[in-house]
Amino acid sequence: RTHIAIVGAGLAGSEAALQLAGRGVEVTLFEMRPVRKTPVHKTSFAAELVCSNSLKGMKRDSAAGMLKAELAYLDSRLLETARRHSVAAGGALAVDRDHFAADVTRALEEESLVHLVREEVTALAPLAERFDGIVLATGPLTSDALAEELQRLTGTEALAFFDAAAPIVMADSLDMGKLVRQSRYEEGAGDYLNAFFSRDQYEHFIDELLAAQRVVAKDFESKDLFQACQPIEEVARAGRDAPRFGTCKPVGLVDPETGRRPWAAVQLRAENAEGTCYNLVGFQTNLTFPEQKRVFSLVPGLEHADFARFGVMHRNTFIDAPRLLEGSGRMVGGSVGSMPVPLWVAGQLAGTEGYCEAVRSGLHCALSVAAWARGAAPVPLPPTTAFGALMAYATSPATENYQPMHVNFGLMPPLENSVKQKRERYGQFARRGVAALRAYGSALVEAGLLSPRQRE
Ligand code: FAD
C-alpha cells in the first residue's frame with residue numbers, strides 16, 4: 001500500500017489526508033501543535049480557522065460561491081463538516097470554529113488509514129526514507145526550521161511578510177441598545193450587529209485611530225500587505241474616508257433613529273453558534289492591545305467591550321509557485337534536489353490565500369497523489385473552473401512577483417463574446433465553470449478517482 005507523509009494538519013493537510021484515505025492511500029499526518037505553537041493558532045485541533053470564522057459567500061455567480069460548488073461536487077470532507085457547523089451570516093458560510101475543528105480532528109483520528117502524529121518536521125530527508133511521497137501543507141506559519149530547510153532545498157527565497165487579524169469582542173459586553181441588528185439590503189436580515197457613526201463620531205474615531213500606537217516592525221510598512229487583509233489603520237492612513245468606502249461603508253443600511261443611511265458603520269458578525277462573541281468585520285489591525293481597547297471602544301455600542309481576542313500580526317510563508325510548482329501541485333521536476341521521493345505542496349504554502357482555497361488545494365493535491373499512486377498522470381483541471389483559474393495563474397512561469405491569492409473572476413480566461421454587464425458576465429463564468437467541472441468530474445470517474453454517483 002502506498003504510504004504518504006503529509007506535513008501540517010491545517011485546512012489543506014486535513015482535507016488531503018481524508019481524501020487520500022478515502023482512496024485507499026495510507027497517510028501519516030504530522031502536526032507540530034501543541035508541541036510547538038504558531039503565533040496565531042490557539043488550539044491543538046486540526047483545521048483551526050485562525051482569524052475570521054467566515055468561509056465567504058455562497059452565491060453561484062461569485063468566485064467564492066463557484067469555489068464552494070466545486071468543493072461540494074468533489075465531495076470535500078471539510079466543506080461538508082463546515083456546513084454541519086454553520087452559523088447565521090447572511091449570504092455567507094460561517095462556522096462555529098471550535099465545533100468545526102473538533103469534528104475534523106475526530107474524523108482524522110477515527111480514520112484507520114490516517115496516523116496523526118504530533119511532531120514538528122524540520123527536515124525532509126528522514127521522511128523520504130520512510131514514505132513513498134511527501135505533501136507539504138504547513139501554511140503561512142510554517143515553522144522556521146522547515147522554512148529554512150525549504151530554502152536550502154529549493155535554492156530560492158521562501159518569502160515572508162506580515163498580515164493582520166481582526167479583534168473579537170464578547171457579546172455580553174456590548175451595548176445592545178445602541179447596536180442595530182441588520183444585514184445590508186436586508187438580505188438574510190438580522191445576521192449582523194451594526195454600530196452606526198455620526199459624522200463627528202467618525203472623524204473623532206479616525207483621529208484616534210491614526211494617532212494610536214502600533215506594533216509595527218519598521219520594514220513592515222514597506223512590505224506588500226495582502227489587500228483584503230489590510231489593517232484598518234493602514235486603510236485610514238491611505239485616506240480618512242477610505243474606511244467609509246470599504247469596511248465601514250454604510251450602503252444598504254438604515255439607522256432606525258433617523259430613518260436614513262448612517263455616515264459610517266462597523267459590522268459585527270457572530271463567531272459561534274451561541275452568539276457569545278462577535279468579530280469586528282474587516283478590522284484587522286496591529287495596534288497595541290491597550291490601544292485596540294481604547295480606540296475601538298470609541299465605536300458606538302462598544303464603549304465597554306471586552307476583547308476575547310485582540311487583532312494580531314502574523315507571518316506569511318509561501319513558495320515561488322510560478323517557478324516551483326506544476327498545475328497538479330507537484331514540484332516541477334517531481335521533487336526537490338536529490339530527494340528520492342515525489343513532493344507536492346498544498347494550501348497557502350503553495351500560494352493560495354483563503355480558507356476554502358486551502359481546502360480545495362488539499363483536495364486537488366490528494367487527487368494528484370492518488371493518480372500517481374495508481375501509476376497514472378493527474379487529470380488536468382480546466383482553467384475555466386474557479387480553482388483551475390487560480391492554479392493556472394499561480395503556476396504559470398509567465399507570472400511575475402506572485403503573491404498568494406484568492407479565487408477571483410479577474411483570473412478567469414475571457415468569455416468568447418465580450419459581455420459588458422457585470423452580473424451577466426459573472427453568470428456566464430459560473431455556467432461555463434459548471435460545464436467544465438462536469439467534464440473534469442467525468443474524467444476523474446473514468447480514472448477511478450471519483451465515485452460515479454449522480455453528480456448535479
Ligand atoms: P494552516 O491552516 O495554517 O495549516 C498549517 C498547519 O501546519 C498548522 O496546523 C501548523 O501548526 C502546521 N505546521 C507548520 N509547520 C509545521 C512543521 N514544521 N511540522 C509540522 N506541522 C507544521 N483566510 C481566510 O479565508 N479568511 C481569513 O480571515 C484569514 N485570516 C488569516 C489570518 C491569519 C493570522 C493568517 C495567518 C492567515 C489567514 N488567512 C485567512 C489565510 C489562510 O486562509 C489560512 O491561513 C489557512 O488556514 C491556510 O491553510 P493551510 O492549510 O495552508 O495552513
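Order of appearance sets the numbers: ligands from 1, and atoms from 1 within every ligand. Small disclaimer: the values here were computed from a predicted structure and weren't measured.
Ring centroid separation for the pair F307 and F310 comes in under the 6.0 Å cut-off.
For the pair P140 and Q348, the tightest heavy-atom approach, listed with the atom from each and the gap, is CD-CB, 3.6 Å. Contact detail for F409 and M66: the closest heavy-atom pair is CE2-SD, 3.5 Å. Counting all heavy atoms, side chain and backbone alike, W344 lies closest to G133 at CZ3-CA, 4.3 Å.
Each of the following atoms of ligand 1 lies closer than 4.0 Å to a heavy atom of L11: 2 (O), 46 (C), 47 (O), 51 (O). Contact atoms of ligand 1 toward R33: 9 (O), 11 (O) (distance under 4.0 Å to a heavy atom of the residue). In summary, the atoms of ligand 1 found under 4.0 Å from a heavy atom of V7, numbered by their order in the structure, are 19 (N), 20 (C). Of all the atoms in ligand 1, the ones that sit under 4.0 Å from a non-hydrogen atom of S52 are 28 (O). If you number the atoms of ligand 1 from 1 as listed, the ones under 4.0 Å from a heavy atom of G347 come out as 52 (O). Every atom of ligand 1 is numbered from 1 in the order shown, and the set under 4.0 Å from a heavy atom of V40 is 34 (C). Listed by number with element, the atoms of ligand 1 under 4.0 angstrom from any heavy atom of E353 are 41 (C). Numbered from 1 in the order shown, with element, the atoms of ligand 1 that lie under 4.0 Å from a heavy atom of T142 read 14 (C), 15 (N).
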Might you work through the side-chain hydrogen bond (donor to acceptor under 3.5 Å, both in side chains) test for S361 and H364, ending with a clear yes or no?
-> CA-CA 5 Å; S361 173; H364 181 62; over 6 Å; no

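Looking at D103 and R84, a side-chain N of the basic residue comes within less than 4.0 Å of a carboxylate O on the acidic one, giving a salt bridge.
Ligand 1 is never approached by R36 to a heavy-atom distance shorter than 4.0 Å.
Looking only at distances, a side-chain donor or acceptor of E15 sits under 3.5 Å from a matching main-chain atom of R77.
Looking at M32, K56, E149, it is M32 that brings a heavy atom closest to atom 21 (N) of ligand 1. Looking at H406, H41, Q348, it is H41 that brings a heavy atom closest to atom 3 (O) of ligand 1. Nearest-residue assignment for atom 38 (C) of ligand 1 (options L136, L141, V50, L55; heavy-atom criterion): V50.
The N/O atoms of A12, backbone and side chain alike, include one that comes under 3.5 Å of an N/O atom in ligand 1. For ligand 1, one of its N or O atoms has an N or O atom of G354 under 3.5 Å away. For a threshold of 3.5 Å applied to N or O pairs, the pair formed by S54 and ligand 1 contains no separation below that value.
With a 4.0 Å cut-off on non-hydrogen atoms, T352 does not touch ligand 1 at all. For L146, every heavy-atom contact with ligand 1 shorter than 4.0 Å involves the side chain, none the backbone. At a 4.0 Å heavy-atom cut-off, ligand 1 does not touch S361 at all.
Ring pair F296/F205 is tilted by interplanar angle, where 30° to 60° counts as tilted.
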